[in-house]
Amino acid sequence: AEFSRMNAGFDEHTLDNNVDIQQSERFGFVGLHGDSFIGCSSGLAYKNGKTYSGWFFLTDLFVEKDYRSQGIGSKLLISLEDQIVAIGVSHIYLWTSHDGAINFYRRHGYGTFAQMENWYSDGKGRIGMRKDL
């Protein structure tokens with residue numbers, strides 16, 4: 001009940017400030033080899049009313065181990081970027097930590113916008129990356 005009231009209170013505050021309530025819509029792609037899942041890309045586009053905010057949060061990009069380094073991740077990422085540009089999104093952001101992932105995103109034009117040190121138990125940081133589409 002408290003959580004519901006909190007959310008309703010945020011919505012009321014948003015409307016009091018003449019801003020449409022924000023909602024998110026999930027977009028994504030699945031990679032298949034025959035009938036077998038080999039990867040996916042997915043994330044959230046945010047809308048205020050009927051208009052997309054211009055920002056997309058890439059929540060997932062995954063390729064099964066046996067299929068990595070074959071360009072599948074690039075195809076999944078580019079397909080998703082193309083799809084969200086078509087709906088009016090002009091920026092994309094994500095959070096990651098693995099050096100390989102950071103290098104992958106840099107090759108695709110992403111830059112770092114934030115770093116939170118010691119995010120994980122092994123001492124690695126969490127890196128925020130973004131790209132203008």
Side-chain angles (χ1 to χ4, degrees):
E2 293 85 1
F3 186 70
S4 293
R5 177 60 204 131
M6 177 192 71
N7 285 330
F10 281 128
D11 288 349
E12 292 163 8
H13 183 268
T14 298
L15 293 172
D16 286 347
N17 286 282
N18 298 315
V19 176
D20 291 326
I21 302 296
Q22 187 177 71
Q23 298 176 3
S24 61
E25 188 174 328
R26 184 163 292 279
F27 289 83
F29 286 89
V30 172
L32 298 173
H33 184 256
D35 291 335
S36 298
F37 171 86
I38 61 170
C40 65
S41 58
S42 175
L44 301 170
Y46 295 94
K47 290 174 109 174
N48 292 91
K50 296 182 186 226
T51 305
Y52 288 99
S53 73
W55 284 92
F56 185 85
F57 177 32
L58 178 63
T59 58
D60 307 288
L61 180 59
F62 174 77
V63 176
E64 292 284 2
K65 192 179 217 178
D66 291 344
Y67 293 90
R68 293 179 189 160
S69 299
Q70 297 178 32
I72 295 166
S74 293
K75 288 178 185 175
L76 288 166
L77 179 62
I78 292 166
S79 295
L80 187 59
E81 289 176 349
D82 290 346
Q83 183 183 43
I84 62 175
V85 165
I87 63 164
V89 171
S90 53
H91 311 282
I92 186 170
Y93 73 100
L94 60 96
W95 292 98
T96 191
S97 65
H98 185 267
D99 291 339
I102 294 165
N103 291 333
F104 170 84
Y105 290 116
R106 284 193 178 131
R107 285 193 308 274
H108 287 278
Y110 288 73
T112 300
F113 72 85
Q115 182 171 351
M116 296 179 281
E117 298 83 9
N118 299 311
W119 180 270
Y120 295 99
S121 61
D122 66 356
K124 285 193 178 186
R126 189 146 169 98
I127 309 296
M129 302 186 83
R130 62 168 281 177
K131 178 181 177 181
D132 296 330
L133 299 170

With a 3.5 Å cut-off and sequence neighbours excluded, list the donor-acceptor pairs that the side chains of residues 58-69 form with protein atoms.
residue : atom : partner : partner atom : Å
T59     : OG1  : R26     : NH1          : 3.0
T59     : OG1  : S42     : O            : 3.2
R68     : NE   : V63     : O            : 2.6
R68     : NH2  : V63     : O            : 3.0

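Surrounding CZ of F10 are at most 12 heavy atoms belonging to other residues, nucleotides or ligands under 6.0 Å away. More than 12 non-hydrogen atoms from other residues, nucleotides or ligands lie less than 6.0 angstrom from CH2 of W95. Counted within 6.0 Å of NZ on K75, heavy atoms from surrounding residues, nucleotides or ligands total 12 or fewer; the atom is thus considered open. Enclosure of atom OH in Y120 by more than 12 non-hydrogen atoms of other residues, nucleotides or ligands within 6.0 angstrom is indicated. Taking a 6.0 Å sphere around NE2 of H33, one finds it holds 12 or fewer heavy atoms contributed by other residues, nucleotides or ligands.
The closest side-chain heavy-atom distance from L77 to F104 is below 4.5 Å. Using a 4.5 Å heavy-atom cutoff, the side chains of Q22 and T14 are not in contact. Contact of the Y93 side chain with the F56 side chain is not registered, since no non-hydrogen atoms from C-beta on lie closer than 4.5 Å. No side-chain heavy atom of Y105 sits under 4.5 Å from any side-chain heavy atom of K131.
Smallest separation of non-hydrogen atoms from T96 and M129: CG2-SD, 4.1 Å. Residue I38 comes nearest to I72 through the heavy atom pair CD1-CD1, 3.8 Å, listed as atom of the first residue, atom of the second, then distance. Scanning all heavy atoms of the two residues, the minimum distance from D132 to R130 falls at OD1-NH2, 2.6 Å. Between S97 and G125 the shortest heavy-atom distance is CB-O, 3.2 Å.
The side chain to side chain contact (heavy atoms under 4.5 Å, CB included) search around F29 returns S41, L76, S79, L80, Q83, not counting sequence neighbours. A search for ring-ring contact (aromatic ring centres under 6.0 Å, His included) contacts involving F27 returns nothing, not counting sequence neighbours. Taking K124 as the reference, nothing meets the salt bridge (Lys or Arg N to Asp or Glu O under 4.0 Å) condition, with sequence neighbours excluded. Residues passing the side chain to side chain contact (heavy atoms under 4.5 Å, CB included) test with D16, sequence neighbours excluded: none.
Side-chain heavy atoms closer than 4.5 Å link hydrophobic residues (I, L, V, M, F, W, Y) into clusters, and following such links, possibly through other members, connects V85 to Y52.
A distance of 12.5 Å separates CD1 of I127 from NE2 of H98, quoted to the nearest 0.5 Å. From S53, atom OG reaches atom CG of L44 across 10.5 Å, with rounding to the nearest 0.5 Å. Of the inter-residue distances, the one linking F113 atom CZ with L94 atom CG reads 7.5 Å to the nearest 0.5 angstrom. Note that the CD1 atom of I21 and the CD atom of E12 stand 9.0 Å from one another [nearest 0.5 Å].
Listed by first then second residue, pairs satisfying side chain to side chain donor-acceptor pair (under 3.5 Å) with a partner in residues 107-116 read S74-H108, E81-Y110, R106-T112, not counting sequence neighbours.
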